[in-house]
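Report on the structure given below.
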Amino acid sequence: MNWIDNSSSKRIVDISSTGGVAGFIITQSTEGSSVHYFDGLEVSSGTSPPSTSDGENEGHVQLTQVEMISSQRALLIGSSSLNINPTNALTIGSLYDISASGNENPNLQLIHSKAGVDLSQIITLDETFWGEEYIAAVIGPTDCLIISLEGVVSNLCQGGGSSAAIDSYGAIWISSATNSLEFSKVIPEKGDDGQISYVSKNLQLPENYEINSRLAKNSGD
């Protein structure tokens, strides 16, 4: 691939693409994190996220995950620390809506930020079940969020989760971050007017099958 700024030596953190032809790449170097857009073999010089603080050694965002939600648009997870005092650094989890085309540097828009715990997983929502209004769900230990087409962030369910996956029928399964026997299942429902709503159900595993989940994947139906 042809890196415009000769930055091919940077460490690759994550990649998301549409069929491998075009997409976004997160890189890490001594200067910090950047997100690049690639189209074919051409890679843009990249965009760094804005700092979350005015301090000299604080608030530098480390980008950790990118997920395409359309051909030239993606969601991006970042994390930074705010040094409240010498013995206590507060973690700040951030979510960005990013877009780019051709050899352009990606445009970043911060759409969610929360102090305390990092976000951990982005799930693209199937238009067949969720319609055009909702594009993704984002999960973290204390967060369960749904993102609209306009980039508006709302709560999807109570609490957060340690992992999540979407099944063949559009339902999102979320393992609890605090209870190894609990799951949530969020089911999309289309009304007579064509509008999408969703219902959250709490599920309980048998005591002999408790699980501390770190990763969830779809497996057939």
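None of these values were measured; they are calculated from a predicted model.
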Answer yes or no: is there a side-chain heavy-atom contact under 4.5 Å between Glu42 and Met1? no
Expected output: side-chain Asn107 to main-chain Ile98 donor-acceptor under 3.5 Å: no
Evaluate the side-chain proximity of Met68 to Phe24: yes if any heavy-atom separation is below 4.5 Å, no if none is. yes
Distance (rounded to the nearest 0.5 Å) between Glu67 CD and Ile122 CD1: 6.0 Å
With sequence neighbours excluded, give me every disulfide bond (SG atoms under 2.5 Å apart) pair touching residues 179-221. none
Where do Lys10 and Gln28 land on the side-chain contact (heavy atoms from CB on, under 4.5 Å) test, with the steps shown first? CA-CA 6 Å; Lys10 292 182 178 180; Gln28 181 70 36; over 6 Å; no
Residues, nucleotides or ligands: over 12 heavy atoms within 6.0 Å of Asp193 CG: yes
Should we count CD of Gln204 as having more than 12 external heavy atoms under 6.0 Å? yes
Given Lys114 and Leu95, is the side-chain contact (heavy atoms from CB on, under 4.5 Å) satisfied, shown in steps? CA-CA 9 Å; Lys114 183 177 179 180; Leu95 181 66; over 6 Å; no
Are side-chain heavy atoms of Tyr134 and Ile147 found at a separation under 4.5 Å? no
Set of residues satisfying ring-ring contact (aromatic ring centres under 6.0 Å, His included) with respect to Phe38, sequence neighbours excluded: none
Flag yes if Val13 and Val66 sit in one hydrophobic cluster, no otherwise; membership is Ile, Leu, Val, Met, Phe, Trp, Tyr, and two members link when side-chain heavy atoms are under 4.5 Å apart. yes
Filter on disulfide bond (SG atoms under 2.5 Å apart), then keep only pairs touching residues 119-221, sequence neighbours left out; what's left? Cys144-Cys157
Looking only at heavy atoms, the pair that brings Tyr169 and Pro188 closest together is O-CG, 4.5 Å
Mark yes or no for whether Ser148, through its side chain, and Val152, through its backbone, hold a donor-acceptor pair below 3.5 Å. yes
Does anything in residues 177-221 form a disulfide bond (SG atoms under 2.5 Å apart)? List the pairs, not counting sequence neighbours. none
Within a strict 4.5 Å, meaning less than it, do heavy atoms of the Ile174 and Val186 side chains meet? yes
Single-linkage hydrophobic cluster, 4.5 Å side-chain cutoff, Val35 and Tyr96 together: yes
Just by distance, do the side chain of Asp97 and the backbone of Gly151 share a donor-acceptor pair under 3.5 Å? no
Smallest heavy-atom separation, Gln65 atom then Ser120 atom, equals OE1-O, 2.9 Å
In the structure I gave you, are the side-chain heavy atoms of Thr64 and Ile26 within less than 4.5 Å of one another anywhere? no
Does either side chain, that of Thr47 or that of Asn105, offer a donor lying less than 3.5 Å from an acceptor on the other one? no
With a 4.5 Å heavy-atom cut-off, do Glu132 and Glu127 have their side chains touching? yes
Closest approach of Ile139 and Gly161, non-hydrogen atoms and distance? CG2-O, 3.5 Å
Return the CD1 to CG distance between Ile92 and Leu119, rounded to the nearest 0.5 Å. 12.0 Å
Check the orientation of Trp130 and Tyr198. Use parallel for under 30°, tilted for 30 to 60°, and perpendicular for over 60°. tilted
Given the rule that I, L, V, M, F, W and Y join up when any side-chain heavy atoms are under 4.5 Å apart, are Val153 and Leu156 in one cluster? no
Ser176 and Phe183, any side-chain heavy atoms less than 4.5 Å apart: no
Going by atom types only, do Ser162 and Ser213 share a side-chain donor-acceptor pair under 3.5 Å? no
Do any N or O atoms from the side chain of Asp126 and from the backbone of Thr128 form a donor-acceptor pair under 3.5 angstrom? yes
Would Ile166 and Leu125 count as a side-chain contact (heavy atoms from CB on, under 4.5 Å) if you check the C-alpha gap in whole Å, the side-chain angles of each, and the deciding distance to 0.1 Å? CA-CA 8 Å; Ile166 189 167; Leu125 299 181; 4.0 Å; yes
Transitive ILVMFWY side-chain link Ile187 to Trp173, under 4.5 Å: no
Carefully, step by step, assess Gln121 and Val138 under the rule side-chain contact (heavy atoms from CB on, under 4.5 Å). CA-CA 6 Å; Gln121 190 171 356; Val138 180; over 6 Å; no
How many angstroms lie between CD in Glu189 and CD1 in Ile196, if you round to the nearest 0.5 Å? 9.5 Å
Taking it one step at a time, do Ser184 and Ser200 satisfy side chain to side chain donor-acceptor pair (under 3.5 Å)? CA-CA 7 Å; Ser184 295; Ser200 179; 4.7 Å; no
Taking all atoms of both residues into account, what is the closest heavy-atom pair of Ser80 and His60, and its distance? CB-O, 3.7 Å
Spatial distance of atom CG (Leu205) from atom CD1 (Ile211) [nearest 0.5 Å]: 8.0 Å
With no hydrogens and no angle check, do the side chains of Ser34 and Thr27 hold a donor and an acceptor under 3.5 Å apart? no
Between the main-chain N or O of Ser33 and the side-chain N or O of Ser48, is there a donor-acceptor pair closer than 3.5 Å? yes
Is a side-chain N or O of His36 found less than 3.5 angstrom from the main chain of Ser44, in a donor-acceptor match? yes
Are any of the side-chain heavy atoms of Asn155 and Leu145 separated by less than 4.5 Å? yes
Verify whether one side chain among Ser94 and His112 offers a donor that lies under 3.5 Å from an acceptor in the other. no
Testing the basics here: between Ile172 and Ala137, what is the closest heavy-atom pair and its distance to 0.1 Å? CD1-CB, 3.8 Å
What's the separation between atom CD1 in Ile77 and atom CG in Asp14, rounded to the nearest 0.5 Å? 9.5 Å
Residue list, side chain to side chain contact (heavy atoms under 4.5 Å, CB included) with Asn212, at least two apart or on another chain: Ser180, Arg214
Between Ala22 and Tyr37, which heavy-atom pair has the shortest distance, and what is it? CB-OH, 3.6 Å
Path from Ile111 to Leu76 over hydrophobic side-chain contacts below 4.5 Å: no
Interatomic distance, CZ@Arg73 vs OG@Ser101, rounded to 0.5 Å, equals 14.0 Å
Salt bridge (Lys or Arg N to Asp or Glu O under 4.0 Å) pairs touching residues 194-206, sequence neighbours excluded, are none
